[in-house]
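Quick note: residue numbers are just sequence positions, from 1.
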Amino acid sequence: MDYKRLGERIREERLRLHLTQAQLAESVDISDTYMGAIERGERSLTLDTLVRLVNRLGVTVDYLLADSVSDSDSNIMEQFKQIMDQQPLERKQMAINVLRTIFAYFDTERA
């Protein structure tokens, strides 16, 4: 388990929501000292705490644990969905257009 990367992802999501460590800690019923140690990768967390965090952050467990879960089509698609779900419709369409362009480029490179 890569606790450092897990902590980094938690921090990224906390900042995305414009929360302080103290605010997030209070909302999931842990101390802000413990929250800081989790974000630095210095402490592990219980399954119960992990579930409370993902619920508060609005992400999935597999998104936070992506470095600990092997890459598979379903995991990659879940990560893509996680990113896309957070975007407004026009950005989603823009991302699809960018992906189409990238894949078209790859196809021409093979030819």
Can Phe106 and Ile102 be said to form a side chain to side chain contact (heavy atoms under 4.5 Å, CB included), step by step?
CA-CA 6 Å; Phe106 289 153; Ile102 291 169; 3.5 Å; yes
Yes or no on side chain to side chain contact (heavy atoms under 4.5 Å, CB included) for Tyr3 and Arg43, after CA distance, side-chain angles and deciding distance?
CA-CA 7 Å; Tyr3 289 108; Arg43 298 276 309 269; over 6 Å; no
Verify salt bridge (Lys or Arg N to Asp or Glu O under 4.0 Å) between Arg11 and Glu8, making sure each step is shown before the conclusion.
CA-CA 5 Å; Arg11 181 178 189 273; Glu8 289 170 359; over 6 Å; no
Check step by step if side chain to side chain contact (heavy atoms under 4.5 Å, CB included) holds for Leu57 and Leu24.
CA-CA 9 Å; Leu57 295 171; Leu24 179 57; 4.1 Å; yes
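Across Tyr34 and Ile30, no two heavy atoms sit closer than the pair CD2-CB, 3.7 Å.
Within 6.0 Å of atom CD in Gln86, more than 12 heavy atoms from other residues, nucleotides or ligands are found, so the atom counts as buried in its surroundings. The 12-atom threshold is exceeded at CZ of Arg16, counting heavy atoms of other residues, nucleotides or ligands nearer than 6.0 Å. For CZ of Arg52, the number of neighbouring non-hydrogen atoms (other residues, nucleotides, ligands) closer than 6.0 Å is greater than 12.
Cluster membership for Phe103 and Ile83, using ILVMFWY side-chain heavy atoms within less than 4.5 angstrom, is not shared. Under a hydrophobic clustering in which Ile, Leu, Val, Met, Phe, Trp and Tyr are joined whenever their side-chain heavy atoms come within less than 4.5 Å, directly or via other members, Val61 and Val59 fall into the same cluster. Note: the hydrophobic cluster containing Leu17 also contains Leu50 (ILVMFWY, side chain heavy atoms under 4.5 Å, direct or indirect links). Follow the hydrophobic side-chain contacts under 4.5 Å out from Met84 and you never reach Leu89; the two are in separate clusters.
Proximity of Thr60 to Leu64: side-chain heavy atoms (C-beta onward) are nowhere separated by under 4.5 Å. Met35 has its side chain within reach of Leu53: a pair of non-hydrogen atoms, C-beta onward, lies under 4.5 Å apart. By the 4.5 Å heavy-atom criterion applied to side chains, Ile96 and Lys92 are not counted as neighbours. Within the 4.5 Å cutoff, the side chain of Arg9 has heavy atoms near those of the Glu12 side chain.
A salt bridge does not link Glu42 to Lys4: none of the charged nitrogens lies less than 4.0 Å from a carboxylate oxygen. In this structure, Arg56 does not pair ionically with Glu26, as no charged nitrogen and carboxylate oxygen lie closer than 4.0 Å.
Judged by distance alone, with hydrogens and angles left aside, the side-chain atoms of Arg14 form no donor-acceptor pair with the main-chain N or O of Ile10 at under 3.5 Å. For the pair Gln23 (side chain) and Thr20 (backbone), a donor-acceptor distance under 3.5 Å is present.
Rounded to the nearest 0.5 Å, atoms CZ (Arg91) and CE (Met94) are 7.5 Å apart. Considering CG of Leu65 and CG of Asp2, their distance stands at 10.5 Å, rounded to 0.5 Å. Taking CG of Leu45 as the start and CD1 of Ile38 as the end, the distance is 5.0 Å to the nearest 0.5 Å.
Asp48 and Thr46 are not linked by any side-chain donor-acceptor pair at a separation below 3.5 angstrom, with hydrogens and angles left out of the test. Side-chain N/O atoms of Glu13 and Tyr63 include a donor and acceptor closer than 3.5 Å.
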